[in-house]
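Data block below; observations after.
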Amino acid sequence: MFALVDVNNFYASCERLFEPRLEGVAVVVLSNNDGCIIARSQEAKDLGIPMGEPVHKVKDVLRRERVRVYSSNYALYGDLSGRVVSVLKRFTPYLEVYSIDESFLDLGGFTDPAAHSHDIKDTVLRWTGLPVSVGVGATKTLAKAANRIAKKDPALGGVFIMPDDPDEVLGNLNTDAIWGIGRRLAARLDRIGITTALDLKNADSKFIRARFSVVVERTVLELRGTPCLALEMTVPAQKGIMVSRGFSRRVTDYRDIEAAVATYASRAAEKLRRQGLSTNKMTISLRTSPFSPAPERYANAAGFVFPEATSDTTHMIKAARHCLKKIYKPGLPYQKAGVFLDALEDTRRIQRGLFPPPGVDPDKSRALMKAVDRINADWGRNTVRFAVTGMQRSWAMKQNRKSPCYTTRWQDLKQVGG
DNA sequence: TCTGGGGTCCTAGGACCC
DNA sequence: TCTGGGGTCCTAGGACCC
């Protein structure tokens, strides 16, 4: 028996937590660069503001309805997410943190899942101030579906237990509402007459596997109550690291893009070291806006394989500049660049080459990076950084409406007190 | 004018091996 | 006209998730 606990309108609820006057008011949170709507309070949903909508398309509604608009504040959301998880862990150690606002709990052994779910919901609200919904089912997929129903119907009080015979419930659910079935699969299923979750549950699983994939076959079995997806309590090692960001304005100048790419590479290297990992391969990507007219539309990527796995920012920046030279075309209005690190491995178990790369002293490199990380941890990000990452940084992303980091920065807390 | 940033897994196909 | 059979590994691309 699985429960899925999910914070309602997570980012919007986080903003509201420290601004009680936002209670009952429409709130939206924006993506990076203040580009799209990525979270909405119930009031904002009721105004018909769609998820993922570009802000400029709903500017009028936002102004007319006096919607409160926030840039995203991931330091705040990440911290509050951790608080919710720590409350959930008091109910069971068998817990999987699935995303920033969702956890699966194993409710096996509890005799009254409904009472238990209400207890979880009430406790999280009391202790963190955040409203959650709880869905319970025999498999993760059914728990997900139950959670969705709990959210949709206010009469349920935030909790829904999937009945032993779920056919009636599943008959009212479209396939694209099922976890793992996105827009494209839903369209393909629709073409062969499978439109509801119940249709999918009753489909021939071998046929589904042949026609689609093993992933969809598993969804069929999960809908039937046969668990194919286990609770993953230990966090598996990360396989790739990505740092990519749109610019605040269109950028053409090579030096600016080089500074951006070097900045992203530095950030990626920091993430890598924090997890004790090293990378064997880097890919740099660069593009103009996909919405721009054809002659300006351009996207390209170049990769670099390191002679030996590394987590040294110096090596990253060097490789990044090397790749950028290959894909940069002068004169174009660039919109976004990114750094991907691939083929990660545990730094303690790096496969050394027979002939070490010239000019690289692993001991010195490690000592330098350690010093850099410590200075930046104590004195704030970017206290020491590489000159090539730029001084003016006029390309850096827009975040004009960010709330204070109430829970992670003393300075910001004082600001609230006046 | 303005359109996010991360991740995962699976499959197909190519290169290569004996 | 005929052109083996069995593998592995890697990569690119497509689908999904939040």
Side-chain angles (χ1 to χ4, degrees), chain A residues 4 6-11 28-39 49-60 62 69-74 77-78 81 96-104 140-141 144 147-148 175-189 208-219 222 228-229 232 235-250 264 267-268 271 275 280-281 283 285 287-293 296-297 299 301 303 305 333 335-344 397-401:
Chain A
L4 178 68
D6 179 324
V7 183
N8 304 339
N9 316 321
F10 182 51
Y11 297 168
V28 297
V29 178
L30 307 182
S31 63
N32 274 336
N33 259 322
D34 295 345
C36 296
I37 310 267
I38 56 164
I49 299 170
M51 175 69 174
E53 190 75 349
V55 177
H56 67 91
K57 285 193 183 172
V58 286
K59 223 173 37 199
D60 293 341
L62 295 179
V69 179
Y70 288 88
S71 302
S72 33
N73 183 345
Y74 290 104
Y77 311 150
S81 169
E96 171 186 343
V97 178
Y98 175 65
S99 77
I100 193 163
D101 72 328
E102 288 170 83
S103 290
F104 284 106
K140 283 178 158 184
T141 303
K144 268 279 209 182
N147 184 281
R148 189 183 175 95
T175 49
D176 63 357
I178 296 299
W179 190 36
I181 308 296
R183 222 181 52 239
R184 307 205 177 232
L185 283 172
R188 282 174 62 197
L189 287 165
I208 292 292
R209 179 174 188 148
R211 179 84 177 239
F212 296 89
S213 71
V214 66
V215 183
V216 186
E217 183 193 26
R218 283 202 278 255
T219 301
E222 285 248 323
C228 301
L229 305 167
E232 311 223 355
V235 184
Q238 214 175 328
K239 303 198 165 161
I241 284 176
M242 167 147 105
V243 177
S244 81
R245 225 139 268 162
F247 306 130
S248 55
R249 55 175 175 84
R250 299 295 179 254
Y264 303 165
R267 192 74 66 235
K271 287 192 189 183
Q275 300 181 64
N280 284 287
K281 191 185 168 201
T283 306
S285 62
R287 66 161 213 217
T288 59
S289 168
F291 302 97
S292 57
E296 283 181 356
R297 216 172 302 146
V305 176
Q335 183 248 349
K336 185 179 188 175
V339 173
F340 306 76
L341 304 179
D342 213 355
L344 309 186
M397 72 180 180
K398 255 185 304 199
Q399 280 193 307
N400 292 331
R401 300 161 170 279

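Every chain is numbered from 1, with letters handed out A, B, ... down the list of sequences. Predicted, not measured: the structure shown is a model, and the values here were computed from it.
In this entry the distance linking CZ of A:R148 with C1' of C:dC17 reads 13 Å, nearest Å. Here the C1' atom of nucleotide C:dC17 and the CG atom of A:N147 are 15 Å apart, to the nearest Å. The interatomic distance linking A:R267 (CZ) with B:dG6 (C1') rounds to 15 Å, in whole Å. The distance between atom CD1 of A:I208 and atom P of C:dC16, rounded to the nearest whole Å, is 14 Å. Counting to the nearest Å, the C1' atom of C:dC18 and the NZ atom of A:K140 are 14 Å from each other. In this structure, A:E232 atom CD and C:dC18 atom C1' are separated by 16 Å, rounded to whole Å. Separating the CZ atom of A:R218 from the P atom of B:dT8 is a distance of 16 Å, rounded to the nearest angstrom. Distance A:W179 CH2 to C:dC18 P: 8 Å, rounded to the nearest Å.
Looking at A:D34, its side chain does come within 3.5 Å of a backbone N or O of A:N400 through a donor-acceptor pair. Checking side-chain atoms of A:R148 against main-chain N and O of A:W179 turns up no donor-acceptor pair under 3.5 Å. No side-chain donor-acceptor contact under 3.5 Å links A:R209 to the backbone of A:V214. Judged by distance alone, with hydrogens and angles left aside, the side-chain atoms of A:E53 form no donor-acceptor pair with the main-chain N or O of A:I37 at under 3.5 Å. A:T141 places no side-chain N or O within donor-acceptor distance of the main-chain N or O of A:T219, the cut-off being under 3.5 Å.
With no hydrogens or angles considered, a side-chain donor-acceptor pair links A:D101 and A:S99 at under 3.5 Å.
No more than 12 heavy atoms of other residues, nucleotides or ligands lie within 6.0 Å of CZ in A:R184, so this atom counts as exposed by the packing criterion.
Stem analysis of DNA chain C (Watson-Crick or G-U pairs, both distances under 3.5 Å, runs of at least three) returns B:5-18 with C:5-18.
Contact annotation: A:K271 side-chain N/O to B:dG6 OP1/OP2 distance is under 4.0 Å.
In plain terms, the two heavy atoms of A:A186 and A:D176 that are nearest each other are CB-CB, 3.7 Å. Between A:S72 and A:S31, the shortest heavy-atom contact is OG-C, 3.9 Å. Between A:N33 and A:S248, the closest heavy-atom pair is OD1-CA, 3.6 Å.
Residue A:I181 is classed as a sugar-phosphate contact, given heavy-atom separations below 4.0 Å to backbone atoms only. A:I241 comes within contact range of the sugar-phosphate backbone alone, with a heavy-atom separation under 4.0 Å but no base atom that close. Across all strands shown, A:I178 has heavy atoms under 4.0 Å from sugar-phosphate atoms exclusively, and none from any base. Nucleic acid contact class of A:E53 (heavy atoms, under 4.0 Å, all strands): none. Within 4.0 Å (heavy atoms only), A:R209 reaches no atom of the nucleic acid at all.
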Is there any protein nitrogen or oxygen under 3.5 Å from a nitrogen or oxygen in nucleotides 9-15 of chain C, and what are the pairs?
none

Give me the distances for all protein-to-nucleotides 3-5 of chain B N/O pairs that come in under 3.5 Å?
unit_1 : atom_1 : unit_2 : atom_2 : d
B:dT3  : OP1    : A:R250 : NH1    : 3.3
B:dT3  : OP1    : A:R250 : NH2    : 3.1
B:dG4  : O4'    : A:S31  : OG     : 3.0
B:dG5  : OP1    : A:G246 : N      : 2.6
B:dG5  : OP2    : A:K336 : NZ     : 2.8

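Using a 4.5 Å heavy-atom threshold, the side chains of A:R250 and A:Q335 count as touching.
A:Y11 and A:Y77 have parallel rings, their planes meeting at less than 30° on a 0 to 90° scale where 60° marks the start of perpendicular.
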